[in-house]
Number of protein chains: 2
Amino acid sequence: MPYTDTDRLGINTIRTLAVDATFAANSGHPGAPMGLAPAAHVLFNKFMTFNPKNPDWVNRDRFVLSNGHGCMLQYALLHLFGYAVTIDDLKHFRQVDSITPGHPEAHDTPGIEVTTGPLGQGFSNAVGLAVAQAHTAATFNKSGFELINNYTYTIFGDGCAMEGIASEAASTAGHLQLGNLIAIYDDNHISIDGDTKCAFTEDVLKRFEAYGWHTQWVKDGDHDLEGIEAAIAAAKKVTDKPSVIKLTTTIGFGSNLQGTGGVHGNPLKADDIKQVKAKFGFDPEKTFVVPQEVYDQYHAHAAEGAAAEQEWNKLFEKYGQEHKELHADLLRRLKKDLPEGWQNHLPVYKPTDAAIASRKLSESVLEAIYEVIPELMSGSADLTGSNNTRWKKAIDFQPPSLGIGNWAGRYMRYGVREHAMAAIMNGMSAYGTIIPAGGTFLNFVSYAAGAVRLSSLSHQRVIYVATHDSIGLGEDGPTHQPIETLAHFRALPNMMVWRPADGNETSAAYYMALTSKGTPSILALTRQNLPQLEGSSLAKAIKGGYVVLEDKEADVTLVSTGSEVSLCLEAVKTLKDQGLKARVVSLPCVEVFDAQDKEYKLSVIPDGVPTLSVEVMSTLGWEKYSHEQFGLNRFGASGPYKEVYAKFEFTPEGIAKRAKLTVDYYKDVKPLRSPVNRAFQQLI
Amino acid sequence: MPYTDTDRLGINTIRTLAVDATFAANSGHPGAPMGLAPAAHVLFNKFMTFNPKNPDWVNRDRFVLSNGHGCMLQYALLHLFGYAVTIDDLKHFRQVDSITPGHPEAHDTPGIEVTTGPLGQGFSNAVGLAVAQAHTAATFNKSGFELINNYTYTIFGDGCAMEGIASEAASTAGHLQLGNLIAIYDDNHISIDGDTKCAFTEDVLKRFEAYGWHTQWVKDGDHDLEGIEAAIAAAKKVTDKPSVIKLTTTIGFGSNLQGTGGVHGNPLKADDIKQVKAKFGFDPEKTFVVPQEVYDQYHAHAAEGAAAEQEWNKLFEKYGQEHKELHADLLRRLKKDLPEGWQNHLPVYKPTDAAIASRKLSESVLEAIYEVIPELMSGSADLTGSNNTRWKKAIDFQPPSLGIGNWAGRYMRYGVREHAMAAIMNGMSAYGTIIPAGGTFLNFVSYAAGAVRLSSLSHQRVIYVATHDSIGLGEDGPTHQPIETLAHFRALPNMMVWRPADGNETSAAYYMALTSKGTPSILALTRQNLPQLEGSSLAKAIKGGYVVLEDKEADVTLVSTGSEVSLCLEAVKTLKDQGLKARVVSLPCVEVFDAQDKEYKLSVIPDGVPTLSVEVMSTLGWEKYSHEQFGLNRFGASGPYKEVYAKFEFTPEGIAKRAKLTVDYYKDVKPLRSPVNRAFQQLI
Ligand SMILES: [Ca+2]
Ligand SMILES: [Ca+2]
């Protein structure tokens, strides 16, 4: 069907809504919505299938605006199609507690798939959504039941194209031959510093070709609606490659400042707005105007989407009759519930069991649960043998043509791409049918910090398997030994940082990571062996902190995590020889411990007893749980790990020495309050 | 000259040294050195000019091993050429306190230019070294005096090629047309997960072509010494593009496991070592053998390098006669000294001066000092107008052919590439003639965390201009509002995190950042205006913390930073109305405050007075300086910043309320020690 005046009116409605909302907020980015309105209009109306009344329908087409600062484009579309985004919500763009924040946040706004804005993230999330689609299709589709066949569309700008994370993700997507992924590159020659000529002169399409993508160029993205439609249609026909369409547009199309940096990050001036509206046939004096025929057109497409979902629901019901278990499994996954009784598979350890590195303990958990939790997909950023992330019978998630795996495979080979790994996992989690776990060294989780932050902010159940968690990695040396990393991620809201001390604590970490539906986890795991503790259990450890060794007459409490807990237990013996009694607390996850009631916390770290924390990295933050801190506020050293530990006095003697100094120092303080006793509650 | 048996013997000597050292350490990576020995032999002997007796000679060719795990290659070369790396040092590979750590560290080992190992960093550092070369040449070279014309060479592997940071840096280098940069890509088809086929199937050379690089392929990197030589020679002839040579090699060449992942990260087995040595004509029973003719060949090339330096020294002396000021300037820069009296240019503010955002105050500092500190190069990751990093008369560092700058330009357009920006700055700093400063939002310094860590570890004087430092950025919302960021970087050793409260503190931050020769800085700066404080001065602020408002009868000390200091001063008035006396401390840089003597610290945060910290982000770490903490342990909100501050009670009333609770809570504690009073010293 040829495009009509109604189509052009719809496009200009998006533009004027973006102009009005940014003007009302006196803040925001009108340029991208104005330039992208034609492509968005075509994409959403001619290609995308979705039901605004049920944004959670699993087989909906996914859309990600990677240049999230252009979010008024998306909010306008959501409103026009009839999602629960009202015209008043648009009027409250960028206001406190509105559902139209300055960048799209999946948990605030119905119809937003993933939280974007930090550049490069959305594009990489889209790769994850496409991975999830391919995997979910391979797992659930059966002859006569193509349940899962949605497409993932993303729009990205020059900023995303420059970010390394997007390069990593694009290379991954090309390797994986993700045929249902279609990306539109908004080639408008403008970034915040002005003409992209000043920093970005590469040939983007050639680069994507090098990654193995199908590439096209639409040269007049401002007007050529047929060209846009033809390009997307052609992209859909290429099923063995992801597709990118370079769309040359004019940023701020219609403004007096169109095509310049002036329309990127600032509202249009009042005069300019008037001429824009006049040019587009809108009343210059009116704001937030949506012509009825535009609503009609958009609602008609929404109705098609609702009908499509109804069809799908019927198909799914029939599927339930022929494939009862899979039907139940998919329903369960979508509720984020785990299979009944799964936790009975978690390994349990006795003190007499062998000493084992916690990265190996983690592997044992994966071996024990992978069959019972089919939605678990593991992987590693090229450190599989070191991260111990792969169960023995795992099949790689790979395009079948490579002969080394298939789409139903549950093991991801992310390559040396930590940042994209994290963002791809965010996308996989956001799809709704997968729990992703991905490995790297703890030190290199920092490479992924931008995406890890978004796991937390957008409530994704993502598991970071972070091995080689301290100077205990030994010979690789300071470049690989984390010092600041745990403090960093403990300071990140809605992130569980687990540092288990033995096998039972490792099981507890997985228990909490898997059952916390809206919170990601980092599991900090050792390279070196750890003994199984006398006082540990899953039930205790899932409180985040507990007493490993009690002594009601203790002179000092030693609070510790991971590999240092057993060292503290050794130090108790050294202290005993010096006439001092000590109790030992393991705090594998301070975030979970913080959430316990005060009475419990005070039973673990009681009043009246001086407390020393022991953790072989930055002491920052340990003052919250201890009166004194033993840590490492410097970089580590390269050498056999026992020698490195000894160099920094992380020995029973080194701990005992500091415990004694702590006891002496607090003798005269009355009352000696527990550090968990506070004057007021924090804002959380 | 044709290659002889001595050349092949040299190559095999490098291989056997790598084999012996990793075997002795029972740890390390023999595969890369064995595969790369031919290329390294040709590169170092036929092309590179350097004097092992003076590794600091400014015009030496630079070499960066980006796949730093292959560092035995580099240690072997350094030893053979006669750098201060003995055969005993090789025998102590990966031992505590050796100068041959598990990955190359610039400050440990003479001849190592930059600290590598975290993948992608070295490649990006090399781009920075090449930027510095081009800029330094443009600044100092004069007719008849081509003082600076060195090349920068880097070897990188598949891991580096997959990392996003290297993609960012490669795109930047292509844009900048860095003709003196030559990279060798070790194409050995192996990464830790095995065959690169499992994750990395892109066309790397095509990608580099897309970036604007000159590309070549040497198909037999194991044997084709002439081909390697010809490729490097051809690369040198291309002066308007960086060059990459894809070198197909066999990892672990000579081992029974050559060409497999088995030789990547583990020493060879004893049997295998014997057959390798026999194959190469070495005595299988002897270790760490260097044939005399190999020493002779390498020492002869070292002597050529020493002679070249002598020639250069003569040229430089003559240059001193004709270009006295430039001569003195270069000498001064190489000592890392600043020009006499530069600090007198730093802006000074009175309380009656206008309220100004600290990002604008930072701009004023740059305007005031850029002429007097010519080695200062500023820049931004595509946020120039927001970071305020560009002085008005700045010229961009650009290839002249683009018509938008020149090589002598001192303003870098990094594009939206935060991670590469940081690593490029590390390289620029490592060159020795430049102090780089680069801007982004504080929240996106996290994207660069991997490289920021190496600024600290490798003692680079790099300045991160981190604007929009809190929820005070307002409308952009939680995706852009840092919560965990300051805690992260405060936990990083050898990093100064500055959060100035006004103009004088901003000047102090720059004073310390510029005069600390081996410590990088992050300057956290506001988007919103800040009043000039009554009690601030540069002299006070360079102590990292000081009393802004004293009250000898204070009931409470408020400790704060940045934008919250003036809020605390307002809260003092609110508290006065409630009958409470308060004193206020500004702690713009805790790392610098920590380094003051105890007496001073106790004068700032004294015994006997309960202390409340006030900072509008994670409280993690503030227990070290306060009894109670007021912060934000959750994500922020999108809206006008004053409303966001009010939502979280960051108002004089909100502070006063918590101050009162603090006073009440500590009334009964005797003695009430200052938090800076500790039982023992930390390991730093
Ligand atoms: Ca753009
Ligand atoms: Ca390789």
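Numbered from 1 within each chain, the chains take letters A, B, ... in sequence-line order. As the structure is a prediction and not an experimental result, all values here were calculated from the model.
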## Note on the structure
Minimal heavy-atom distance between B:S458 and B:T115, with the atoms involved, is CB-OG1, 3.3 Å
### Query
Is it the backbone or the side chain of B:T116 that comes under 4.5 Å from a heavy atom of chain A, or both, or neither?
backbone
### Message
Is A:Q177 in contact with chain B via its backbone, its side chain, both, or neither, using a 4.5 Å heavy-atom distance?
### Response
neither
### Task
Please check if the side chain of B:T384 supplies one atom and the backbone of B:S380 the other of a donor-acceptor pair under 3.5 Å.
no
### Message
For chain B, which candidate among A:L672, A:N443, A:L632 shows the most heavy-atom pairs at distances under 4.5 Å?
### Response
A:N443
### Query
Out of B:G450, B:P671, B:G415, which one racks up the most heavy-atom pairs below 4.5 Å with chain A?
B:P671
### Task
Give, as side chain, backbone, both or neither, the part of A:L612 having an atom under 4.5 angstrom from any heavy atom of chain B.
side chain
### Query
Can you say whether A:I404 sits under 4.5 Å from chain B via the side chain, the backbone, both, or neither, judging by heavy atoms?
side chain
#### Entry: Under 4.5 Å from any heavy atom of chain A - which part of B:K624
both
### Query
Do you know which of A:R490, A:K197, A:M617, A:H419 has the most heavy-atom pairs with chain B at a distance under 4.5 angstrom?
A:K197
#### Entry: Closest non-hydrogen atom pair, B:A166 against B:C160
CB-O, 3.2 Å
### Message
What part of B:E628 gets within 4.5 angstrom of chain A, counting heavy atoms only: side chain, backbone, both, or neither?
### Response
both
### Message
Donor-acceptor pair, distance only, cut-off 3.5 Å: does the side chain of A:R634 make one with the backbone of A:S618?
### Response
no
### Query
Among A:T479, A:T662, A:L661, A:D382, which residue forms the greatest number of heavy-atom pairs with chain B at distances under 4.5 Å?
A:D382
### Query
By a 4.5 Å heavy-atom criterion (distance strictly below it), what part of A:F648 contacts chain B: side chain, backbone, both, or neither?
both
### Task
Grab the two heavy atoms, one from B:P610 and one from B:H627, that are nearest each other, plus how far apart they are.
CA-ND1, 3.6 Å
## Note on the structure
Among B:H69, B:E168, B:H92, the residue with the most heavy-atom pairs under 4.5 Å to chain A is B:E168
### Task
Taking all non-hydrogen atoms of both residues into account, name the closest pair between B:R94 and B:S27 and its distance.
NH1-OG, 2.7 Å
### Query
From A:L473 CG over to A:S386 OG, what is the distance, rounded to the nearest 0.5 angstrom?
10.5 Å
### Query
Does any heavy atom of chain B fall under 4.5 Å from the side chain of A:Q682, the backbone, both, or neither of them?
side chain
### Message
Check for me whether the distance between the ring centres of B:F630 and B:F650 falls short of 6.0 Å.
### Response
yes
### Query
Taking A:E202 for the side chain and B:A210 for the main chain, is one N or O donor matched with an acceptor at less than 3.5 Å?
no
### Task
Go through A:F208, A:F489, A:Y211 and name the one with the most non-hydrogen pairs under 4.5 angstrom from chain B.
A:Y211
### Query
Under the 6.0 Å and 45° cation-pi test, does A:R453 pair with B:F635?
no
#### Entry: chain B contact via A:S171 - which portion, at a heavy-atom distance below 4.5 Å
both
### Task
Please look at A:Q398 and chain B and tell me whether the side chain, the backbone, both or neither of the residue comes under 4.5 angstrom of a heavy atom of that chain.
side chain
### Summary
Most contact-rich option vs chain B, by heavy-atom pairs under 4.5 angstrom, among A:D476, A:T201, A:I165, A:N677, is A:D476
### Message
Taking A:W622's backbone N and O only, do any of them form a donor-acceptor pair with B:E623's side chain (distance below 3.5 Å, no angle check)?
### Response
no
#### Entry: For chain A, the option from B:G477, B:P101, B:G174 that forms the most heavy-atom pairs under 4.5 Å
B:P101
### Query
Which bit of B:L119 is near chain A, if near means a heavy-atom gap under 4.5 Å: side chain, backbone, both or neither?
both
### Query
Between B:V669, B:V452, B:V204, which residue shows the highest count of heavy-atom pairs closer than 4.5 Å to chain A?
B:V669
### Query
Which of the residues A:R678, A:Q121, A:Q95, A:E643 is involved in the greatest number of heavy-atom pairs with chain B at under 4.5 angstrom?
A:R678
### Message
Rounded to the nearest 0.5 Å, what separates atom CD in B:E105 from atom OG1 in B:T100?
### Response
10.5 Å
### Task
Using non-hydrogen atoms and a 4.5 Å limit, figure out which bit of A:K647 sits close to chain B: side chain, backbone, both or neither.
side chain
#### Entry: Residue, of B:R417, B:R207, B:K657, B:E209, that accumulates the most heavy atom pairs under 4.5 Å with chain A
B:R417
### Task
Under 4.5 Å heavy-atom distance to chain A, tell me which part of B:T172 shows up: side chain, backbone, both or neither.
neither
### Summary
Correct closest heavy-atom pair for B:F200 and B:A161 would be CZ-CB, 3.7 Å
### Region of A:Q629 in contact with chain B, defined by heavy-atom distances below 4.5 Å
both
#### Entry: Evaluation steps, side-chain hydrogen bond (donor to acceptor under 3.5 Å, both in side chains), between B:Y625 and B:D594
CA-CA 10 Å; B:Y625 307 98; B:D594 285 349; 2.7 Å; yes
